[in-house]
2 protein chains.
Amino acid sequence: MAIRTRQSQRRRQALSRERIIEAAVELLDAAGEGGLTVRALTERLATGSGAIYWHVGTRGELLDAATDTVIAAALAAEPARAPDTPQDEIRVVALGLFDAIAEHQWLATQLAIQLTRSPWGPVTLGIFESIGRQVRALGVPQGNWFTATSALVHYILGATIQNAQIGEDTSVAEPDADRADADRAEFLDAASRAWQELDPGDYPFMRAIADQMREHNDREQFLAGIDLVLTGITHLQPPTGQAHIAE
Amino acid sequence: MAIRTRQSQRRRQALSRERIIEAAVELLDAAGEGGLTVRALTERLATGSGAIYWHVGTRGELLDAATDTVIAAALAAEPARAPDTPQDEIRVVALGLFDAIAEHQWLATQLAIQLTRSPWGPVTLGIFESIGRQVRALGVPQGNWFTATSALVHYILGATIQNAQIGEDTSVAEPDADRADADRAEFLDAASRAWQELDPGDYPFMRAIADQMREHNDREQFLAGIDLVLTGITHLQPPTGQAHIAE
DNA sequence: TCCATGTTGGAACACTGCTCCAGACGTGGC
DNA sequence: GCCACGTCTGGAGCAGTGTTCCAACATGGA
C-alpha cells in the first residue's frame with residue numbers, strides 16, 4: 001500500500017522544473033531570499049535534494065529562473081484596456097514592473113545581481129525590448145533609440161528597486177489594502193520627521209523637502225518621473241557627432 | 001620573546017573598526033561578495049572571529065559599513081577643477097558613483113540591497129542630498145525638487161548598476177587601461193553579434209540597435225542619459241494639483 | 001518478463017556565520 | 001610595585017548551509 005500511494009502521488013504531482021520554480025517563488029515571497037533553502041524546498045515538495053539538482057541545478061540557477069519567470073510574466077501581462085498611445089504603453093510596462101517588485105521584494109536584489117553579472121541576459125533583454133518598441137513608436141530618430149530607451153529602463157529599474165515595499169504577511173490578501181495604506185502613511189510620516197531632525201549643515205536639501213514627503217504617493221511619484229524622462233526624450237537633440245538634422 | 005612580539009604587533013597595528021572595513025573592501029574587490037568570509041578576514045588580519053564581531057558585528061553590518069564607506073568617499077571626492085555650473089556638478093557626482101561601482105563591482109548588489117531594505121538609509125540620503133542641492137541650484141521650482149532629484153538619482157543608480165564592469169585581476173593597476181579597453185570592445189562586439197542573431201519576431205527592437213552597440217562608449221552613453229534627464233527637468237511643468245504658476 | 005533509462009530521496013562532506021569563553025592586555029588606584 | 005578591573009583577543013564548537021554522490025525506485029519498450 002505504501003508503494004501504491006507513493007506511485008499515485010508521483011503520478012498526480014509529478015516533480016517538474018516548473019513546479020520547483022513555483023515553490024521557490026512562494027518561499028521567496030514568504031521569507032525573502034534567505035527563506036529559499038534547498039532543505040525548505042525539499043520539505044515543501046516532499047522530495048530530496050537530488051531531485052531538485054536534477055531538474056534545475058544549483059540554488060543560483062534556481063534564483064535566476066525564478067527571477068526570469070516573474071519578470072517575464074510581468075512583461076507579458078496585458079492590461080484590461082489596451083493603451084492607445086506609446087506613452088501609455090510605456091506607463092503600463094513600467095507599472096507592471098513596479099508592481100511586480102512591490103509584490104516580490106526579493107526581485108529588487110535579484111534583478112540587480114542579474115544586471116551586474118550578465119548585463120544583457122534574458123531579463124534585461126526583455127525589458128529593453130518592451131520599452132524600446134514604444135520608444136520607436138514615439139517617433140524618436142533612430143540615432144537616439146538607445147539613449148532614450150536606456151534612460152527609461154534605468155530610471156524604471158532604479159525607482160522600482162528603491163520602492164520595493166516591506167511586505168505584509170502573505171496569508172490574507174484582501175483586507176491588506178487598507179492596512180498597507182496606513183502603514184505606508186506611517187512610514188512616510190516617520191521618514192519626514194527623521195529628515196526634519198537632520199543636521200541643517202549637512203543635509204539642507206533633505207530638510208527642505210521633508211514636508212513634501214508626507215503627501216506623497218509612490219505610484220504617482222513614479223509616473224511623474226516617467227513623464228519627466230518622456231519630455232526629455234521628445235526634446236532630445238539628434239545624435240551627437242554626425243549632425244544629421246531631421247526636421 | 002613570543003609575548004614581546006605579540007605585544008608590539010598589537011601596538012603597531014591595533015585592530016580597529018576602520019582596519020577591518022578596509023580589509024573587507026580589499027577582499028570584496030578581489031573576490032566579490034562571496035570572497036568576504038569571516039574566516040578569510042581573520043586570516044588576513046591575523047586574528048580570531050571574536051575580535052571582528054566585537055568591532056563591527058555581523059557580516060551583514062560589515063557589508064553595510066563597507067558600502068557606506070566607499071560611497072561616502074566617492075561622494076566626498078572633489079574633482080581637480082571645480083565645476084562652475086550645477087549641470088557640471090551633477091555630472092561630476094554621477095561619474096563619481098559610476099566609477100566607484102565600476103571599480104568595486106560588489107557595490108552594485110550591495111547598493112540594491114540597502115536600497116530595498118532601508119530606502120532612506122545613510123547611503124541613499126547622501127546621494128539624494130548631493131544631487132538635490134544641485135537641482136535646487138538649477139532654479140527648479142520647489143514643488144518639483146523631489147521629482148527632479150529622484151528622477152536623476154534613480155537613473156544614475158539603474159545605469160551604474162548595469163554598467164558595473166567585469167573587473168580584471170587586482171594585482172597590477174597601470175597597464176590595465178589598454179587591456180580593459182580591448183576587452184570592452186570585444187564584449188560589445190559579442191553583444192552586438194548576439195543581438196543580430198535574435199529571433200526577429202520576438203526581438204525586433206534589439207536587432208535594430210545591434211549596430212549602435214559596437215561604437216558605444218559607456219561613460220558617454222551614461223552622460224547622454226544624464227543630459228536627457230536634465231532637459232526633462234528644465235521643461236518640467238509646475239507641480240500637479242496646486243497650479244502655482246511661478247513665472 | 002526483464003532490462004535500460006530516467007528519476008528520486010537521503011546520507012555525507014566541506015564550508016559558512018555566529019556564539020561563547022578563557023585568558024591576555026593595559027590602565028587606573030593604592 | 002602591584003593588584004584589579006574593564007577592554008579586547010583568539011579559537012573551539014555549534015547549527016545550518018549548498019552540493020555531491022549513489023543505491024533504490026518507476027516506467028516504457030523489447
Side-chain angles (χ1 to χ4, degrees), chain A residues 1-25 27-28 30-67 106 109-110 113 117, chain B residues 1-25 27-28 30-67 106 109-110 113 117:
Chain A
M1 172 173 168
I3 296 176
R4 171 125 298 200
T5 33
R6 263 278 189 85
Q7 266 191 28
S8 53
Q9 209 173 7
R10 263 214 194 181
R11 276 275 174 78
R12 211 164 298 149
Q13 41 175 331
L15 202 51
S16 69
R17 189 182 151 86
E18 286 70 32
R19 238 168 65 78
I20 294 176
I21 292 176
E22 189 185 352
V25 171
L27 280 176
L28 287 165
E33 163 160 357
L36 176 64
T37 70
V38 178
R39 282 169 174 77
L41 208 51
T42 59
E43 194 174 351
R44 175 176 266 258
L45 293 169
T47 178
S49 53
I52 286 167
Y53 281 84
W54 167 265
H55 282 287
V56 294
T58 75
R59 191 188 106 108
E61 291 171 299
L62 177 54
L63 271 167
D64 286 354
T67 318
W106 51 274
T109 313
Q110 222 47 43
I113 291 177
R117 195 188 334 119
Chain B
M1 169 167 174
I3 297 176
R4 173 127 297 202
T5 33
R6 263 275 188 87
Q7 266 191 28
S8 53
Q9 211 173 5
R10 262 214 193 182
R11 274 275 175 76
R12 210 164 299 148
Q13 40 176 329
L15 202 51
S16 69
R17 189 182 151 87
E18 287 69 33
R19 238 168 66 78
I20 294 176
I21 292 176
E22 190 185 351
V25 170
L27 280 176
L28 287 165
E33 164 161 356
L36 176 63
T37 69
V38 178
R39 282 173 174 74
L41 209 50
T42 60
E43 195 174 351
R44 176 176 266 259
L45 293 170
T47 179
S49 51
I52 286 168
Y53 281 84
W54 168 263
H55 282 288
V56 295
T58 74
R59 192 188 106 108
E61 291 171 298
L62 177 54
L63 272 167
D64 286 354
T67 315
W106 50 274
T109 312
Q110 222 48 41
I113 290 177
R117 194 184 340 116

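Only heavy atoms go into these numbers, but all of them, side chains included; no hydrogens, no water, no symmetry mates. Lettering follows sequence order; numbering is per chain, from 1.
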| Whole-Å gap separating P (D:dC8) and CZ (B:R17) | 14 Å
| field | B:H55 side chain near D:dT9 phosphate (N/O to OP1/OP2, under 4.0 Å) | value | yes
| note | By side chain to side chain donor-acceptor pair (under 3.5 Å), B:E18 pairs with (sequence neighbours left out) none
| task | Measure the distance from CD on B:E61 to C1' on C:dC18 and round it to the nearest whole Å. | result | 12 Å
| said: Tell me the interatomic distance from B:I20, atom CD1, to D:dC8, atom P, rounded to whole angstroms. | reply: 11 Å
| task | With sequence neighbours left out, write down each residue that passes salt bridge (charged side-chain N to carboxylate O under 4.0 Å, His left out) with A:R17, or none if nothing qualifies. | result | none
| request: Starting at atom CD of B:E43, determine the distance to atom C1' of C:dC15, rounded to an integer number of angstrom. | output: 14 Å
Collect all protein-nucleotide pairs involving nucleotides 16-20 of chain D in which both atoms are nitrogen or oxygen and the distance is under 3.5 Å.
unit_1, atom_1, unit_2, atom_2, d
D:dG18, OP2, A:V38, N, 2.9
D:dG18, N7, A:R39, NH1, 2.9
D:dG18, O6, A:R39, NH2, 3.0
D:dT19, OP2, A:Y53, OH, 2.8
D:dT19, OP2, A:R59, N, 2.7
D:dT19, O5', A:Y53, OH, 3.3
D:dT20, O4, A:S49, OG, 3.0

| field | Nearest heavy-atom neighbours spanning B:V38 and B:I52 | value | O-CD1, 4.3 Å
When the side chains of residues 57-67 of chain A are checked against the rest of the protein, which donor-acceptor pairs come out under 3.5 Å, sequence neighbours left out?
unit_1, atom_1, unit_2, atom_2, d
A:T58, OG1, A:G60, N, 3.3
A:T58, OG1, A:E61, N, 3.3
A:R59, NH1, A:L36, O, 2.5
A:R59, NH2, A:E33, OE2, 2.9
A:E61, OE1, A:T58, N, 2.8
A:D64, OD1, A:Q114, NE2, 3.2
A:D64, OD2, A:R117, NH1, 3.2
A:T67, OG1, A:L63, O, 2.6

| Quick one: side chain to side chain donor-acceptor pair (under 3.5 Å) partners of B:E22, sequence neighbours excluded? | none
| field | B:R39: side chain to side chain donor-acceptor pair (under 3.5 Å) partners, not counting sequence neighbours | value | none
| query | Within this structure, what is the CG-to-P distance between A:L15 and C:dT8, rounded to whole angstrom? | reply | 5 Å
